[in-house]
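These notes concern the structure reproduced below.
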Amino acid sequence: MMSGNKINRRKDWLRGTLLFLIPLLFIGCQSPDELLPSVARSGINSITASFEDGTGEFVGVPNENKEIEIEIPFYYPIESQNEVTAEMLSKMRVRANLDDNVTVTPKLLYLDLTKENTIQIVDQRKQKHDFIVRAVIAKNNLCEIEEFELPESGLTGVINDKNKTISLVSFEDIPAQLAKIRISPHATIEPDPTKVKLDYNQEVELKVTAHNGVNSQTYKVIKNVPPKLDYGIRKGSAKLLFAKQLKQDLGIGVDNLTGGIALSGENLVINTRGENSIYIDAKTGAKKGEVNLGAVKGNLINFYNTSDAAGNILISNLSPGAGSFKIWTLKSVADTPKLLIDWNTDLALGRKISIAGSLDGNAIITAPTYTGTTQKFARWIVTNGQLKSNEPELITMSGLAKGWTTNADIVYTSADVTSDYFVASYSDNTFAWVDGRTNKVKASLDEIDRNYIQNAVDFIEFNKAKFTAVNHVNSFNWGQADQVWLLDVTEQGLFSGSLTAKTAKAVVWECEKDKYGAKAIQPIIPNGNGTGDVLLSVSEDGYFLYVYFLFTNGYVVGYQFDCMDV
């Protein structure tokens, strides 16, 4: 039993505890204080307006007078001739960007922006603010020269927007001529070089005035030879010269029968099996004519073509389907084919041939063999303009996991047989860098998806750097492919990673995926042979690098890069 004193002490403890807890219970049941900002704000940040069909997005922000003025372009789209009318403004979709716990009346959905509209904002402190919303149609303030060319001289101006200069790289006098330009939408230019022949051997000033008639900029067109970068290509210098659909634009009517391109002077030659090759302007893509192949013509006879560093064209047949393996040469698009190689063999080859160097001096010609899964290729040597032997050396390389089947291309980095070479192939599906002394793979990129057919490679040196171009093709509808990459292969250490996962550090440029392949043209004619080609070239003055490529049943494309320090 507890004593009386202990019982009294226990009662006192319970009484004190209850007296302490009761106020806490009342406090816990109270409503929380309303959270208000320390400074009252209007609560509206902007209003965005669009046309009734949902196109366009035009933003207005409040000013200190509680006015929201939304600027609508005079033309929409801005580059079109479609003038914005009052009727278009009479029912504009609108939405407000409000702070939390802020409301607007009336509810915003559509407004007639041909007149002033009053809206009321109720902020977090329940204070009301009236705003005037209006639209103003404004002419744009853009005043730039975006492109500048002298087609007659084959010159493309290099535009420096920061300094407002346009450099014309020419070592010779430039005849007075009309220019081809692109300026900001609805801007004007004075003098207009598209209408007035100007003398570009002297500095020319061109004033571009924006559509609003207020903003303007003056560009100086300068004929000069700017310094070169210390190394490689100028970042951002990639320029699309042309993209021509083989069938619609160039009139090539046979399907699955184009696959090789060659460069001879200013002519890009497209091989079309069974028909005369056609040639187009290497700067504009305009069709210029046909190469008369005479008897060197047939589905398996003029199967593929390429070119050397001097512009000599090489044409190969497909062996053994067309009999012995042959290669013919032409010095220009006007020349007659002459037989260079006639090798009696049972090996399958001729789908691709490559050449490093020049037939006029020293060169290496390569042709992969396609018998089973292999890592073999034929190699012919040209020394001082003379073919060493009609019989090639058969080279067996090693280091590919699977070898190749029906698609492979090999290109040496020089006319020295000990120099390294690059291999693009299917079904190994790795892009490989091979040691020319040991014929063993020394580096490679990650294997690409088996649905992608890798089949073409080229190599060139430009401005103290070494570059390769490689493609892959989607032959039917197996996902996404039809792409070309340009890689800097000056240092082997960067030659790793994946092209498709964009982890290959050597990549300096890639074309847009599926933009130029067979799938880009409707109706799709599948590239059943999974073929295409790539070609690299450097201008005589060493300022420009050209990347040409072709996808069978798709496009032939030309891009230009430069090394100017501008």
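Side-chain atoms of Gln483 and Leu499, non-hydrogen and from C-beta on, never get closer than 4.5 Å to each other. When side chains are defined from C-beta on, Thr336 does not count as touching Leu330, because their heavy atoms never get closer than 4.5 Å. Counting heavy atoms from C-beta on, the side chains of Ile159 and Ile145 come closer than 4.5 Å. At a threshold of 4.5 Å between non-hydrogen side-chain atoms, the residues Ser307 and Val269 do not count as touching. Residues Thr329 and Asn312 are not in side-chain contact: their nearest non-hydrogen atoms beyond the backbone lie 4.5 Å or more apart. The shortest side-chain heavy-atom distance between Ile44 and Ile68 falls under the 4.5 Å cut-off. Between Gln81 and Tyr75, some side-chain heavy-atom pair lies under the 4.5 Å cut-off. Within the 4.5 Å cutoff, the side chain of Asn455 has heavy atoms near those of the Asn471 side chain.
Listed here is the closest heavy atom pair of Ser277 and Thr272: OG-N, 4.2 Å. Across Ala96 and Leu108, no two heavy atoms sit closer than the pair CB-CD1, 3.7 Å. Nearest approach of Leu150 to Gln177, heavy atoms of both residues: CB-OE1, 3.5 Å. For the residue pair Leu168 and Thr156, the shortest heavy atom distance occurs at CD2-C, 4.5 Å. When all heavy atoms of Asn463 and Lys228 are compared, the closest pair comes out as OD1-CD, 4.0 Å. When all heavy atoms of Phe242 and Thr284 are compared, the closest pair comes out as CB-O, 3.2 Å.
A distance of 8.5 Å separates CD1 in Ile252 from CD in Glu275, rounded to the nearest 0.5 Å. Between the OG1 atom of Thr531 and the CG atom of Leu550 there is a distance of 8.0 Å, given to the nearest 0.5 Å. From Gln492, atom CD reaches atom CG of Leu494 across 10.0 Å, with rounding to the nearest 0.5 Å. Atoms OG1 and CD1, on Thr48 and Ile70 in that order, are 7.5 Å from each other to the nearest 0.5 Å. If you take CD1 on Ile166 and CG on Leu155, they are separated by 12.5 Å, rounding to the nearest 0.5 Å. A distance of 13.0 Å separates NZ of Lys220 from NZ of Lys164, quoted to the nearest 0.5 Å.
Look at Glu510 and Lys502 and you find a salt bridge, because one of the NZ, NE, NH1 or NH2 atoms lies within 4.0 Å of a carboxylate O, short of that distance. Checked for salt-bridge contact, Asp255 and Lys247 meet the test: a charged N lies under 4.0 Å from a carboxylate O. Between Arg93 and Glu52 there is no salt bridge, since none of the side-chain N atoms of the basic residue sits less than 4.0 Å from a carboxylate O of the acidic one. Salt bridge Lys287/Asp249: absent, no basic N to carboxylate O contact under 4.0 Å. In summary, Glu116 and Arg134 engage in a salt bridge, as defined by a charged side-chain N under 4.0 Å from a carboxylate O.
Classified by interplanar angle (parallel below 30°, tilted 30° to 60°, perpendicular above 60°), the ring pair Phe549/Trp509 is tilted. The aromatic rings of Tyr421 and Tyr412 sit tilted relative to each other, their planes meeting at an angle between 30° and 60°. Note: Phe467 and Phe462 have tilted aromatic rings, judged against thresholds of 30 and 60 degrees for the angle between ring planes. Under the 30°/60° scheme for interplanar angles, the aromatic rings of Phe422 and Trp433 are found to be tilted.
For the side chain to side chain donor-acceptor pair (under 3.5 Å) test with Ser354, the passing option among Asp409, Asp458, Asp308 is Asp409; the others fail. Among the candidates Glu144, Glu79, Glu146, the single residue satisfying the salt bridge (Lys or Arg N to Asp or Glu O under 4.0 Å) test with Arg182 is Glu146.
Side-chain atoms of Tyr543 come within 3.5 Å of backbone N or O of Pro226 as a donor-acceptor pair. With hydrogens and angles disregarded, a donor-acceptor distance shorter than 3.5 Å links the side chain of His186 to the backbone of Ile78. Under the 3.5 Å distance criterion, the side-chain polar atoms of Thr503 are matched with a main-chain donor or acceptor of Ser498. Looking at Ser46, its side chain never comes within 3.5 Å of a backbone N or O of Val61 through a donor-acceptor pair. Within the 3.5 Å criterion, the main-chain N or O of Leu293 finds a donor-acceptor partner in the side chain of Asn276. Remark: side-chain polar atoms of Thr468 are not paired, donor with acceptor, to backbone N or O of Phe459 under 3.5 angstrom. Under a 3.5 Å cut-off, the side chain of Thr209 and the backbone N or O of Thr188 do not form any donor-acceptor pair. In terms of modelled atom types and a separation under 3.5 Å, the side chain of Asn140 and the main chain of Pro185 share a donor-acceptor contact.
No close placement of the Tyr219 and Phe148 rings is indicated, their centers lying 6.0 Å or farther apart. In this structure, Tyr559 has its ring center at least 6.0 angstrom away from the ring center of Phe544. Taking the six-membered ring wherever Trp is involved, the centroid distance between the rings of Phe58 and Phe51 falls below 6.0 Å.
Defined by atom type and a distance below 3.5 Å, a donor-acceptor pair is present between the side-chain atoms of Asp99 and Asn45. Judged purely by distance below 3.5 Å, without hydrogens or angles, the side chains of Asn302 and Asn305 never pair a donor atom with an acceptor atom. Side chains of Thr55 and Tyr76: a donor-acceptor N/O pair is absent below 3.5 angstrom, by distance only. For Asn63 and Asn65, the side-chain atoms include no donor-acceptor pair closer than 3.5 Å. Of the N and O atoms on the side chains of Tyr548 and Asp533, not one donor lies less than 3.5 Å from an acceptor on the other residue.
Asp53 CG: more than 12 foreign heavy atoms inside a 6.0 Å radius. The local environment of NZ in Lys115 is sparse, with at most 12 non-hydrogen atoms from other residues, nucleotides or ligands closer than 6.0 Å. Around the NZ atom of Lys288, the shell of radius 6.0 Å holds more than 12 heavy atoms that belong to other residues, nucleotides or ligands. Around atom NZ of Lys180, no more than 12 heavy atoms belonging to other residues, nucleotides or ligands sit under 6.0 Å away. Annotation for Gln522: atom CD counts as buried by contact number, over 12 foreign heavy atoms lying within 6.0 Å. Annotation: Glu172, atom CD; neighbour count of heavy atoms from other residues, nucleotides and ligands within 6.0 Å does not exceed 12.
With a 6.0 Å cutoff to the six-membered ring centre and a 45° limit on the axis angle, Lys139 counts as a cation-pi contact of Phe74.
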**Prompt:** Stepwise, does the side chain to side chain contact (heavy atoms under 4.5 Å, CB included) test hold for Arg234 with Cys563?
**Reply:** CA-CA 5 Å; Arg234 178 169 63 91; Cys563 60; 5.8 Å; no
**Prompt:** Would Lys331 and Asp360 satisfy salt bridge (charged side-chain N to carboxylate O under 4.0 Å, His left out), going step by step from the backbone distance to the final call?
**Reply:** CA-CA 10 Å; Lys331 287 189 173 295; Asp360 300 331; 3.4 Å; yes
**Verdict with reasoning, Ser419 to Ser414, per side chain to side chain donor-acceptor pair (under 3.5 Å)** = CA-CA 6 Å; Ser419 63; Ser414 78; 3.2 Å; yes
**Request:** Please assess Asp173 against Lys223 for the test salt bridge (charged side-chain N to carboxylate O under 4.0 Å, His left out), listing each intermediate value before the final yes or no.
**Result:** CA-CA 9 Å; Asp173 283 346; Lys223 173 196 167 185; 3.6 Å; yes
